[in-house]
Amino acid sequence: MSKEWTNVEEILEGKHTGSEVNLRGWIHRTRNIGNMVFLNLRDPTGVVQIMTSKDTVDNFSEVKSLLIESSIKVKGEVAEDKRAPGGYEIRASEVEVVHAADVYPIQEDHSVEHLLDNRHLWIRSTKMIDILSVRSSVFGGIHEYFRKEGYKEFQSPILTPLACEGGSTLFPVEYFDDKVYLAQSWQLYAEAAIFGLGNIYTIAPSFRAEKSRTPRHLTEYWHAEVEGPWLEFEALLELAEGMVCHVVEKVMNECEDELKRLREEDMSYLKNIAPPFPRITYQEAVDILQKEGFNTKYGDDFGTPEEKALTDMFEKPVFVTHYPKEIKAFYMKRAPEDDTKVLGFDLMVPNVGELIGGSARETEIDSLEARLKEEGEDLSIYQWFLDTRRFGSVPHAGFGLGVERIIMWLCTLDHIRDAIPFPRTPNRYRP
RNA sequence: GCCGUCGUAGCUCAGUGGUAGAGCACUCGGCUGUUAACCGAGCGGUCGCCGGUUCGAAUCCGGUCGACGGCGCCA
């Protein structure tokens, strides 16, 4: 007795023309011509026009009164018709009202603020459906790539006593009579786990309590991280490059239509993404910037204008390596040929800036302790971590990717909050 | 943390010292091929909040709260 349900996509592909189908979904828009009503029906696969008239459906007056976002089931014949948006329409014989919606708060005119206040409804919009479809594909692509490369998935705690990269950027959480923090990285736990598991990765939420007011920061974001024993710096770059290329390929396969809509048909940039990515050193980047007229000095970290200038010069993501150790984290390994620099890299892309940050890890315990003291950290809570340098320490490396940032880059979003369904920023944690 | 912009109808906005406006949404009426349908009517307000100047404040001044945008910090 179960009914066969057709989705909108198949109708727009012409698979059911001339036959009777059953559809279910939400009313995207209505046009009322008196004795005829046109409904645009949305389901997760698309939007199609439904034609109803007082002569063809019994409950015409009920249909006429429906407001947008009402949920309905429709039975009718599929017709090819140039007058219909998309070229096909359903000539309804039955319309069952599942739920007649209240007045919908989102209209044609809307501000950023209103859409964020009504985020739970805005995620029904075509744009958000497209982005969230890409997002699903990106997560799938990351898992797929690391598993294909033999990496195991490893989870670290979200509640942690560790500061990791400066205590002011952590969200404190009451832990009975103590205070712990929401994790801002998986890395330190991962460095302990590689001695047993070998190559590992994760995709997990990370939290930053920085009041960053930019289009590239969230306080809660999804962090894809990887760590491997014996992994050397050059192999680390290749791993990052391979992951980005795999994700691009996967998303182009699974979400071509979504990407075309989001990128306004400009697919040539993404089609060009293949190894190898250009690699420049920090020193070379400074030289390039100075030649471009920036008064960047050796030892300065790059700001937004510098990152934009650099990324716009390349057709692909660009690796910047060998930063001075002063502007990078305590755990990065110094370069063997020049110990004022670290074996660390940033992978930078247009519109976003830093997409991935990674490094070979410092293995010498004295150096780590010294750097932690400089940062004012309490060494006692790091003793377990320092054990990774006491019991069979090995060279190792890893990187971290901001998942929303790769989504922002792929979809050419102008703000990272649209890369996640319910964004958390310094000023906003509702809905 | 710093700098800037904006808070007026459910939504988007106009109104810069003298009785609070428009478009959309919604309700009612009309229309059998609409494409953000159209036409007519109706409904709709503590002008963010507190104080000050003034005969009179949405409008000028001070404060405050909120949102958004830019820089810094980062993934």
Side-chain angles (χ1 to χ4, degrees), chain A residues 28-40 47-56 60 64-65 67-69 79 81-87 89 91 101-118 121 164-166 168-170 184-187 203-226 240 300-308 327-329 345-349 352-358 398-409 414-417 419-420 425-428 430:
Chain A
H28 198 60
R29 234 183 274 293
T30 71
R31 288 174 296 282
N32 179 351
I33 317 295
N35 289 323
M36 293 176 79
V37 168
F38 294 92
L39 305 172
N40 288 359
V47 177
V48 70
Q49 172 164 288
I50 312 292
M51 195 275 278
T52 67
S53 78
K54 78 171 191 322
D55 303 326
T56 55
F60 183 69
K64 202 170 167 176
S65 71
L67 302 182
I68 62 169
E69 292 304 323
D81 194 317
K82 276 185 289 219
R83 294 170 297 186
E89 70 178 10
R91 303 205 171 130
D102 289 350
V103 178
Y104 200 60
I106 299 177
Q107 311 295 342
E108 285 297 327
D109 289 320
H110 42 235
S111 60
V112 169
E113 182 177 358
H114 189 245
L115 295 182
L116 288 169
D117 289 342
N118 289 283
L121 302 174
C164 185
E165 293 183 48
S168 63
T169 68
L170 293 153
Q184 60 176 209
S185 175
W186 159 95
Q187 180 188 323
I203 308 180
S206 273
F207 304 88
R208 299 283 164 99
E210 291 157 351
K211 291 194 172 175
S212 300
R213 288 205 51 81
T214 83
R216 294 177 295 283
H217 289 86
L218 294 164
T219 54
E220 176 183 321
Y221 69 100
W222 286 76
H223 203 174
E225 295 180 89
V226 61
D300 292 347
D301 210 350
F302 303 134
T304 307
E306 288 84 359
E307 281 184 354
K308 183 173 165 33
I327 57 174
K328 287 292 172 188
F345 75 90
D346 286 346
L347 182 67
M348 303 207 279
V349 296
V352 175
E354 189 180 341
L355 187 67
I356 298 178
F399 65 74
L401 159 82
V403 181
E404 284 77 16
R405 287 192 175 177
I406 200 170
I407 296 165
M408 183 181 176
W409 173 59
D414 48 22
H415 202 296
I416 198 169
R417 65 183 160 225
I420 188 168
T425 54
N427 281 345
R428 192 177 278 280
R430 300 190 176 98

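Order of the sequence lines fixes the chain letters, A, B, ..., with proteins taken first and strands second; residue numbering starts at 1 for each chain. The structure displayed is predicted, hence computed values, not measured ones.
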The criterion is salt bridge (charged side-chain N to carboxylate O under 4.0 Å, His left out); which residues satisfy it with [X], sequence neighbours excluded?
X	value
A:Glu69	A:Arg42, A:Arg124
A:Lys308	A:Asp312
A:Glu89	A:Arg91
A:Asp301	none

Under 4.0 Å, counting only non-hydrogen atoms across every strand here, what does [X] touch: a base, just sugar-phosphate, or nothing?
X	answer
A:Glu89	base
A:Ala224	nothing
A:Arg29	sugar-phosphate
A:Gly353	nothing
A:Ile106	nothing
A:His415	sugar-phosphate
A:Arg417	sugar-phosphate
A:Asp301	sugar-phosphate

Interatomic distance, A:Glu306 CD vs B:C74 C1' [rounded to whole Å]: 15 Å
What is the distance from CD of A:Glu354 to C1' of B:G72, rounded to the nearest Å? 15 Å
Using Watson-Crick or G-U wobble geometry with both distances below 3.5 Å, tell me the partner of [N], or none.
N	result
B:G66	B:C6
B:U16	none
B:C31	none
B:C71	B:G1
B:G42	B:C26

Using ring pair (Phe, Tyr, Trp, His ring centres under 6.0 Å) as the criterion, list what pairs up with A:Phe345, not counting sequence neighbours. A:Phe319
Sorted by chain and number, sequence neighbours left out, ring pair (Phe, Tyr, Trp, His ring centres under 6.0 Å) with A:His110 holds for A:Trp122
With the side chain of [X] defined as its heavy atoms from C-beta on, choose the nearest nucleotide among [options].
X	options	result
A:Leu67	B:U27, B:A25, B:G70	B:U27
A:Gln49	B:G70, B:A75, B:U34	B:U34
A:His223	B:G33, B:A75, B:G1	B:A75

Of the residues in residues 30-40 of chain A, which ones touch RNA chain B at a heavy-atom distance under 4.0 Å? A:Thr30, A:Arg31, A:Asn32, A:Ile33, A:Gly34, A:Asn35, A:Met36, A:Phe38
Can you name the atoms? Protein N/O to nucleotides 64-67 of chain B N/O, anything below 3.5 Å, with the distance.
from  : atom 1 : to       : atom 2 : distance (Å)
B:A67 : OP1    : A:Asn427 : O      : 2.7
B:A67 : O3'    : A:Arg428 : NH2    : 3.2
B:A67 : O2'    : A:Glu113 : OE1    : 2.9

Check whether any side-chain heavy atom of A:Arg405 sits under 4.5 Å from a side-chain heavy atom of A:Tyr221, and report yes or no. no
Could you check if the base of B:U16 is syn or anti? Syn means the glycosidic torsion is within 90 degrees of 0. syn
Please write out each protein N/O paired with an N/O of nucleotides 39-43 of chain B under 3.5 Å, distance rounded to 0.1 Å.
none

Summary of protein contacts for nucleotides 4-11 of chain B, nucleotide by nucleotide, where a base hit scores B, a sugar-phosphate-only hit scores S (4.0 Å, heavy atoms): -------S
Please tell me whether A:His217 and A:Thr214 have a donor and an acceptor in their side chains that are separated by less than 3.5 angstrom. yes
Partners passing side chain to side chain donor-acceptor pair (under 3.5 Å) against A:Ser206 (at least two apart in sequence or in another chain): A:His223
Using the P atom as the reference point in each nucleotide, state the distance between B:U5 and B:C61 in Å, no decimals. 13 Å
Expressed as a whole number of Å, how far does the P atom of B:U59 sit from that of B:U54? 16 Å
Review item, side-chain donor-acceptor pairs of residues 32-40 of chain A, under 3.5 Å, at least two apart:
from    : atom 1 : to      : atom 2 : distance (Å)
A:Asn32 : OD1    : A:Gly34 : N      : 2.9
A:Asn40 : OD1    : A:Arg31 : NH2    : 3.1

